[in-house]
Novice: 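This structure is in structure tokens; I'll ask about it shortly.
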Amino acid sequence: MLTNLAVRDIETLVHPYTNLAVHREVGPLVLERGKGVYVYDVSGKDYIEGMAGLWCTSLGYSNEELCDVAYEQLKKLPFTHIFSGRSHDPAIELAEKLKEIAPVPISKVFYGASGSDANDTQVKLVWYMNNALGRPKKKKIISRLKGYHGVTVASASLTGLPANHTDFDLPLPGILHTSSPHHYRFAQPGESELDFSARLAAELDEMIQREGPDTVAAFIAEPVMGAGGAVTPPEGYFEAINAVLAKYDILFIADEVITGFGRTGEMFGTTTYKMKADTLSCAKALTSAYFPLSAVLINEPVYEVLVDQSRKIGTFGHGNTYAGHPVGCAVAVKTLEIYQRDRIIEHVRKVAPTFLQRLTRLAEHPLVGEARGVGLIGGVELVKDKASKAQFEAKKAVAAKSVSFAQDEGLILRAMGGDRVAFCPPLVITEAEIGEMFDRYERALARTLDWVKAEGLLAG
């Protein structure tokens, strides 16, 4: 029986990334409060937030310092914009801090409100820059299959997932997709990670040559593919990609929306995987998700183009109302302070071995084909047959069933295409809480195996 709140939800909301027909039958999980790594529903049941919300609530729930700084900024200056040369101290201070900690040389910061609009801005900057430089043909942007970069028209085009394109008339022309760097799923039999990486780099090189190097402007990649399955790159991948991009003078955009600010055990995933990025998108953990805020970090050559075009056109005609919102910037400044003061990255490095040991141990389960991660992010892939890597029929939604069982057990995770399940807990999680998180999922996996057997879904 659906509660009154559930009925009200069904009759008023359209939920993102939700089967809306099924939702009308089962209703929502209505959460009421959170503390640390736990959230609580309206009945008081606790759940470990194994996804840090949507890869974002890095400092956990109800951090009083973040709440206090937001309240103080609301009282002092709840809103002003940064259009037409206006500014405010939190926006300036945050930009200074981002330049300090950026993993690559950065000149300036451009603010937005979400990771999607940050990557949308990246597309516009690429096009704008090449027009300004007299290279009107150099506009194509290469992303990757299974990569995720957002849901605006441009950023959804960059995203390499079918559900983001089907019936939306996407991707836009000029947005291309090269192979996914998922070794477990796409490597040839016997192909090592290094050989797989070399092959993918060669495929990228061939694509650029086929399209014409003078037409390809940029390449965008997440250090770890998030919504595409929490997939870590194979050995040598970004080193090989770096060489191809340098060969053809192609801008490298690092999408750090998920991996930024400690997730991989470094401040940025760009450092973890030796990515030679020119510009960088970040959001999510920038404010520990306590306020919507994103930032595009741009290098000096890109900034010089923007300045020169402003002289020519009279303005830089891009931006949104909430860019550099004073509350968001104040919260972000405090968030970065907490990361450094409380040595959050050192904490991630300390607990990551426990997280990764429990994650990889899941590969011993009969349904788990791959279990792999880095820092405090990882994914498992559920398969019909471990030897052949045969997958279940997509319509059986086995990963989603395991996530449903996990919710029953008091754990929130996320199922994605290809029967993958992601783990991405708050960075403040303790070793004991990591143990409890995986205990709960192991119980969910046992229930999933029973269900799979009852449904007759196993190979043979």
Side-chain angles (χ1 to χ4, degrees), residues 119-120 122-127 129-131 133 135-150 153-166 168-188 191-229 231-255 270 273-281 302 417-418:
N119 287 327
D120 195 277
Q122 295 277 19
V123 172
K124 291 184 71 176
L125 289 181
V126 166
W127 293 344
M129 179 182 72
N130 282 294
N131 283 332
L133 294 175
R135 305 187 297 197
K137 292 197 304 178
K138 197 171 180 68
K139 298 287 180 61
K140 295 172 185 173
I141 302 176
I142 299 175
S143 182
R144 303 176 300 172
L145 294 172
K146 291 188 173 291
Y148 182 85
H149 302 290
V153 170
S155 65
S157 295
L158 296 173
T159 292
L161 298 170
N164 293 88
H165 297 164
T166 303
F168 287 114
D169 292 343
L170 297 175
L172 293 172
I175 305 292
L176 312 173
H177 293 87
T178 190
S179 298
S180 169
H182 187 187
H183 181 266
Y184 172 80
R185 183 48 60 192
F186 300 116
Q188 295 171 354
E191 188 174 38
S192 71
E193 290 194 17
L194 279 173
D195 288 342
F196 179 57
S197 295
R199 176 164 65 84
L200 295 195
E203 286 183 12
L204 176 62
D205 195 305
E206 290 167 9
M207 173 181 278
I208 293 166
Q209 290 189 50
R210 186 170 63 249
E211 297 292 330
D214 61 335
T215 73
V216 179
F219 175 84
I220 186 170
E222 307 156 272
V224 176
M225 300 176 88
V231 176
T232 57
E235 183 182 358
Y237 175 74
F238 280 114
E239 291 92 334
I241 295 299
N242 288 335
V244 174
L245 302 181
K247 179 178 174 182
Y248 296 110
D249 186 27
I250 292 171
L251 196 79
F252 192 170
I253 303 166
D255 182 344
T270 297
Y273 293 111
K274 300 180 176 62
M275 298 162 66
K276 295 181 178 178
D278 298 292
T279 66
L280 186 150
S281 296
V302 173

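Worth knowing before you read on, the calculation uses all heavy atoms, side chains too, and leaves out hydrogens, waters and symmetry mates.
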Novice: Does the side chain of Asp255 come within less than 4.5 Å of Met225's, by heavy atoms?
Specialist: no

Novice: Kindly compute the distance separating CG (Leu200) from CE (Met207), expressed to the nearest 0.5 Å.
Specialist: 11.0 Å

Novice: Roughly how far, to the nearest 0.5 Å, is the OG atom of Ser157 from the CG atom of Leu172?
Specialist: 3.5 Å

Novice: Students often mix this up, so state it plainly: with edges at 30° and 60°, are the rings of Phe238 and Tyr273 parallel, tilted or perpendicular?
Specialist: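 If you compare the ring of Phe238 with that of Tyr273, the planes turn out tilted.
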
Novice: Minimum heavy-atom separation for Pro181 to Pro234, with atom names?
Specialist: O-CD, 3.1 Å

Novice: In terms of heavy-atom contacts, does NZ of Lys139 have more than 12 from other residues, nucleotides or ligands at under 6.0 Å?
Specialist: yes

Novice: So which heavy atom on Leu170 is nearest to which on Val153, and how close?
Specialist: CD2-O, 3.8 Å

Novice: Looking only at the side chains, is there a donor atom on one of Tyr248 and Asp205 sitting less than 3.5 Å from an acceptor on the other?
Specialist: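 Note: Tyr248 and Asp205 side chains meet the donor-acceptor criterion.
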
Novice: When the ring planes of His165 and His177 are compared, do they come out parallel, tilted or perpendicular, using 30° and 60° as the limits?
Specialist: tilted

Novice: Got a donor-acceptor contact below 3.5 angstrom from the Thr159 side chain to the Gly150 backbone?
Specialist: yes

Novice: Please work out which of the three classes, parallel, tilted or perpendicular, describes the rings of Tyr184 and His182, given edges at 30° and 60°.
Specialist: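 Taking Tyr184 first and then His182, their aromatic rings sit tilted (interplane angle of 30° to 60°).
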
Novice: Please report the closest heavy-atom contact between Asp278 and Ile250, naming both atoms and the distance.
Specialist: OD2-O, 4.1 Å

Novice: Sub-3.5 Å donor-acceptor pair from the side chain of Asn242 to the main-chain atoms of Lys274, do we have one?
Specialist: yes

Novice: Could you check if a side-chain atom of Ile241 sits within less than 4.5 angstrom of a side-chain atom of Phe219, using non-hydrogen atoms only?
Specialist: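 Touching, per the 4.5 Å side-chain cut-off.
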
Novice: Can you check whether Leu176 reaches Ile141 side chain to side chain, under 4.5 Å on heavy atoms?
Specialist: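 Of all side-chain heavy-atom pairs linking Ile141 with Leu176, none is under 4.5 Å.
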
Novice: As an exercise, state the distance from CD1 of Ile142 to CG of Leu158, rounded to the nearest 0.5 Å.
Specialist: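 Ile142 atom CD1 to Leu158 atom CG measures 11.5 Å (nearest 0.5 Å).
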
Novice: Counting only N and O atoms by type, is there a donor-acceptor contact under 3.5 Å from the side chain of Ser155 to the main-chain atoms of Asp120?
Specialist: no

Novice: Quick check for you: to the nearest 0.5 Å, what is the distance between His183 atom NE2 and Tyr237 atom OH?
Specialist: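 The NE2 atom of His183 sits 13.5 Å away from the OH atom of Tyr237.
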
Novice: Between Glu222 (side chain) and Gly226 (backbone), is there a donor-acceptor pair under 3.5 Å?
Specialist: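 A pair under 3.5 Å: yes.
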
Novice: Among Thr178, Thr215, Val244, find the residue that satisfies the side-chain contact (heavy atoms from CB on, under 4.5 Å) test when tested with Ile208.
Specialist: Val244

Novice: Let me confirm one number: the CD-CZ distance from Glu191 to Arg199, rounded to the nearest 0.5 Å.
Specialist: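 If I round to the nearest 0.5 Å, the distance is 4.0 Å.
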
Novice: Taking all non-hydrogen atoms of both residues into account, name the closest pair between Gly236 and Leu194 and its distance.
Specialist: CA-CD2, 3.9 Å

Novice: If you take all heavy atoms of Phe186 and Lys146, which pair is closest and at what distance?
Specialist: CZ-CE, 3.8 Å

Novice: Using a strict 4.0 Å threshold on nitrogen-to-oxygen distance, state whether Lys138 and Asp214 make a salt bridge.
Specialist: no

Novice: Evaluate Arg144 against Ser179 for side-chain contact (heavy atoms from CB on, under 4.5 Å), listing each step before the verdict.
Specialist: CA-CA 6 Å; Arg144 303 176 300 172; Ser179 298; over 6 Å; no

Novice: In Å, rounded to the nearest 0.5 Å, how long is the span from OG of Ser143 to NE2 of His149?
Specialist: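 One gets 3.5 Å once the value is rounded to the nearest 0.5 Å.
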
Novice: Looking at every heavy atom in both Ala221 and Met275, which two are closest together, and how far apart are they?
Specialist: O-CE, 3.9 Å

Novice: When you check the side-chain N and O atoms of Asn119 and Ser281, is any donor under 3.5 Å from an acceptor?
Specialist: yes

Novice: Report the C-alpha distance between Gln122 and Thr279 in whole Å, list the side-chain angles of each, state the deciding distance to 0.1 Å, and finish with yes or no for side-chain hydrogen bond (donor to acceptor under 3.5 Å, both in side chains).
Specialist: CA-CA 8 Å; Gln122 295 277 19; Thr279 66; 2.9 Å; yes

